[in-house]
A.B. asks: 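Below: one structure in structure tokens.
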Amino acid sequence: MTTTFKIEYHTRWGENLALVAGDIKYPMTWTEGDIWTVTLNDCNAAILKDYTYIVMVGGIIMRTEWKHHSRSGRVRTAEDSWIECPIPGCPFPREHSAAIFDQPGFRGAGTSIPLFSLRSEQGFGVGEFTDIPAFADWIERTGQKIIQLLPVNDTSRKGEWGDSYPYKPISAFALHPIYIHLQDVGVKEDAAFRKLQAELNGEYFVNYPKVFKAKMKYLRAAFADHGAKDMAGAAYKRFAADNAVWLEDYATVLGKRHREDPDFYRWVQFHADKQFSKAVEYAHSKGVYLKGDLPIGMGADSVEATIHPEQYNLDSSTGAPPDFFTADGQNWGFPTYNWDAMAKDGFAWWKARLRKMSKYFDAFRIDHVLGFFRIWEIPLPEKGGLLGHFNPAIPYSREEIVSAGLPIVGLFIEDPHREGMFHPLISPDTSALQDWQKERYYNMYNDFFFRRHNEFWKRNAMRKLPELLSCTGMLACAEDLGMVPDCVPEVLDHEKILSLEMPRVEKDSPWTYLSVCATSSHDTGSIRLWDGPDKDPSECRRILQDNLDSVSMLAIFPLQDWLSIDGRLRHGNPADEQVNHPEDPDNKWRWRMHITLRQLLDESAFTTKVATLVKDSNR
């Protein structure tokens, strides 16, 4: 069927309209009266069911509609009006799936915790999807609204400690099988099961290798026993059809890699999705929303890099320059993206990834949002982060450096993609320079890292972020710490992405409403360790109150910081509560609650303390 789409829109100079349907942008033509039109041949029901209009300038999306249009039946001409935000005072350009975020002036509180850190009697040495409802009960009782999790994607390779690192997934879509509650997939609680369960639950930390090995053994036995029956059911067939875009590649790659039946991996993902979805549904019934975490990178051995190596720069590694967390920078150990290759299909993989994520999450943290502007790229086989460079960038030519009277060795590093072009070293050795050379070098250094790329990096981010945010109803929150270019706040404000504010991380501008306030994170110690060996509960309470009273839309604190206000419940050794040590590439991600979820729920006095803090801050 041929359908003509028409919409009246008064553009500014340089603006153009496009119809977006099925992730494809169709440029529209201006006609008299500011009517924009486009005609699609073979316009099917799927296109009419979900389409929208966008305003573009120079190939970049500048404005989107509040929500998408939908029509049914045979439509020859679709005459539409631009859908503006219907909520007075709402600061966002797009509708969110959780309407609470669009309420003008909404300020909410929440708790961040890795899923693996939840502790329950029903678990198996690690937090599980089925533990989320109990935690949601506590969140509801305290008047909070948000549970923030670390990434829950599959990271399993050999089942060793390195796999405990949640920011290096082997799939952008698959959930980690370690979070599956075994009893709900048909594993019987016999004497041997209960003995091992008690042993694992009794461990102080998560024993990742031991838990993973045991769980995979039980899952394989359950699959052998009744996997075929499960996969013959209607529920499995719906799941397989809905997730075909990634499930087949995932199962095929892992089946071949581990010399195993690919159906086992399909079956595992079916049960993981079933359990997680049920937990999310329960949380929503309690007025509790989930915030997920979008890792910036994928492993070189990931399913995606295996199937589409052309979309990755496999000769380099991603990391970060020296920052608040590490003096020597970081090497995260996964390749950088070939964004030009990804742009050819309109960033289809990213959009599919976000849509999958939005099935479980109402908001998401964009890990290292700076990576959408530029990434710190480290050539292989370098292990540290000091010899990296920003990509993309506008490096200096050899002639520019020589004409400035400066040597190259010790001050600059050659661009691996462009011979004769150089980047300033992030930690140069200027000891042999004369004073005038030092002044000239640091002028070039500061210009390069803080001014030279502002418009270049801004356009680079605007080329991607509006495309991706337009495909999801999740509230977008940035992790924008570190060496932040001046263009970043401008782009975040344009797209209404919440920034991250932490009391001990200085920024050049005051906190704003569109931000997430966090007292600490998985990369830092708890507030008890600020400026000393420990803080008493009353001082911790004051810190939490100050941050709850902030202007930030969301105030999300680690559970460790909430527990710090209670002298009876707080952990005996606050140093044991830090989840990650960024300076340690071999960090074991293993922290667990030292009390169970049932004990937490039974602590009515503590729950009242937290609820009072939240209520008094009008959150």
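All heavy atoms count here, side chains included; hydrogens, waters and symmetry mates do not. Counting begins at 1 with the first residue of the sequence.
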A.B. asks: Report yes or no: does Arg107 contribute a side-chain atom to a donor-acceptor pair with the main-chain N or O of Leu548 at less than 3.5 Å?
C.D. replies: yes
A.B. asks: Can the ring centroids of Phe412 and Tyr441 be said to lie less than 6.0 angstrom from one another?
C.D. replies: yes
A.B. asks: Tell me every residue that passes salt bridge (charged side-chain N to carboxylate O under 4.0 Å, His left out) with Glu248, counting only those two or more places apart in sequence or in another chain.
C.D. replies: Arg266
A.B. asks: Is the closest side-chain heavy-atom distance between Ile61 and Val55 below 4.5 Å?
C.D. replies: no
A.B. asks: Would you say Ser521 and Asp523 are linked by a side-chain donor-acceptor pair, where the criterion is simply a distance under 3.5 Å?
C.D. replies: no
A.B. asks: Taking atom types as modelled, is there a side-chain donor on Asp561 or Ser520 under 3.5 Å from an acceptor on the other?
C.D. replies: yes
A.B. asks: Hydrogens and angles aside, do Asn331 and Ser317 bring a side-chain donor and acceptor to less than 3.5 Å of each other?
C.D. replies: yes
A.B. asks: According to the salt bridge (charged side-chain N to carboxylate O under 4.0 Å, His left out) rule, which pairs have a member within residues 507-517, sequence neighbours left out?
C.D. replies: Asp480-Lys507, Glu501-Lys507
A.B. asks: Whether the Asp367 and Tyr167 side chains hold a donor-acceptor pair (N or O, under 3.5 Å, no angle test) is what I'd like checked.
C.D. replies: no
A.B. asks: Any salt bridge linking Asp23 with Arg355? Criterion: basic side-chain nitrogen under 4.0 Å from a carboxylate oxygen.
C.D. replies: yes
A.B. asks: Do we get Lys464 above Trp339's six-membered ring, with its NZ or CZ under 6.0 Å from the centre and within 45° of the axis?
C.D. replies: yes
A.B. asks: Are there over 12 heavy-atom neighbours, none belonging to Lys458, within less than 6.0 Å of that residue's NZ?
C.D. replies: no
A.B. asks: Going through the checks in order, is the side-chain hydrogen bond (donor to acceptor under 3.5 Å, both in side chains) test met by Ser156 and His176?
C.D. replies: CA-CA 7 Å; Ser156 57; His176 204 308; 4.9 Å; no
A.B. asks: Looking at Lys49, I'd like to know if its NZ atom is crowded, meaning that more than 12 non-hydrogen atoms belonging to other residues, nucleotides or ligands lie closer than 6.0 Å.
C.D. replies: no
A.B. asks: Between His368 and Trp332, is the ring pair (Phe, Tyr, Trp, His ring centres under 6.0 Å) condition met? List the steps.
C.D. replies: CA-CA 12 Å; His368 195 66; Trp332 299 328; 5.0 Å; yes
A.B. asks: Mind telling me whether His453 and Phe456 have parallel, tilted or perpendicular rings, with 30° and 60° as the class edges?
C.D. replies: tilted
A.B. asks: Tell me whether the count of non-hydrogen atoms from other residues, nucleotides or ligands lying under 6.0 Å of CD in Glu419 goes above 12.
C.D. replies: no
A.B. asks: Rounded to the nearest 0.5 Å, what separates atom OH in Tyr513 from atom CZ in Phe106?
C.D. replies: 7.5 Å
A.B. asks: Please tell me whether His423 and Phe448 form a close aromatic pair, meaning their ring centres lie under 6.0 Å apart.
C.D. replies: yes
A.B. asks: Answer yes if the ring centres of Phe390 and Trp457 are under 6.0 angstrom apart, and no otherwise.
C.D. replies: yes
A.B. asks: Please work out which of the three classes, parallel, tilted or perpendicular, describes the rings of Trp349 and Tyr337, given edges at 30° and 60°.
C.D. replies: tilted
A.B. asks: Do the non-hydrogen side-chain atoms of Ser499 and Asp493 ever get within less than 4.5 Å of each other?
C.D. replies: no
A.B. asks: Heavy atoms only: give me the nearest Leu314-Ala300 pair and the separation to one decimal.
C.D. replies: CD2-CB, 4.3 Å
A.B. asks: Mark yes or no for whether Ser302, through its side chain, and Ile170, through its backbone, hold a donor-acceptor pair below 3.5 Å.
C.D. replies: no
A.B. asks: With sequence neighbours left out, what residues match Asp586 under salt bridge (charged side-chain N to carboxylate O under 4.0 Å, His left out)?
C.D. replies: none
A.B. asks: Quick one: CG on Asp293 to CG on Leu149, what's the gap to the nearest 0.5 Å?
C.D. replies: 9.0 Å
A.B. asks: Quick test of your reading of the model: are Arg463 and Asp340 salt-bridged, counting only N-O distances below 4.0 Å?
C.D. replies: yes
A.B. asks: Would you call the rings of His417 and His389 parallel, tilted or perpendicular, taking 30° and 60° as the class edges?
C.D. replies: perpendicular
A.B. asks: Who are the salt bridge (charged side-chain N to carboxylate O under 4.0 Å, His left out) partners of Asp249, not counting sequence neighbours?
C.D. replies: none
A.B. asks: Using the ring pair (Phe, Tyr, Trp, His ring centres under 6.0 Å) criterion, which residues pair with Trp82? Sequence neighbours excluded.
C.D. replies: Tyr9
A.B. asks: Okay, side chain of Lys168, backbone of Gly162: is any donor-acceptor separation there less than 3.5 Å?
C.D. replies: no
A.B. asks: Test side-chain hydrogen bond (donor to acceptor under 3.5 Å, both in side chains) on Asn243 and Tyr250; report intermediate values, then the result.
C.D. replies: CA-CA 11 Å; Asn243 294 275; Tyr250 171 76; over 6 Å; no
A.B. asks: Ignoring hydrogens and geometry, is there a side-chain-to-backbone donor-acceptor pair from Arg452 to Ile394 under 3.5 Å?
C.D. replies: yes
A.B. asks: Taking only residues two or more places apart in sequence, or in another chain, which ones meet Glu414 in a salt bridge (charged side-chain N to carboxylate O under 4.0 Å, His left out)?
C.D. replies: none
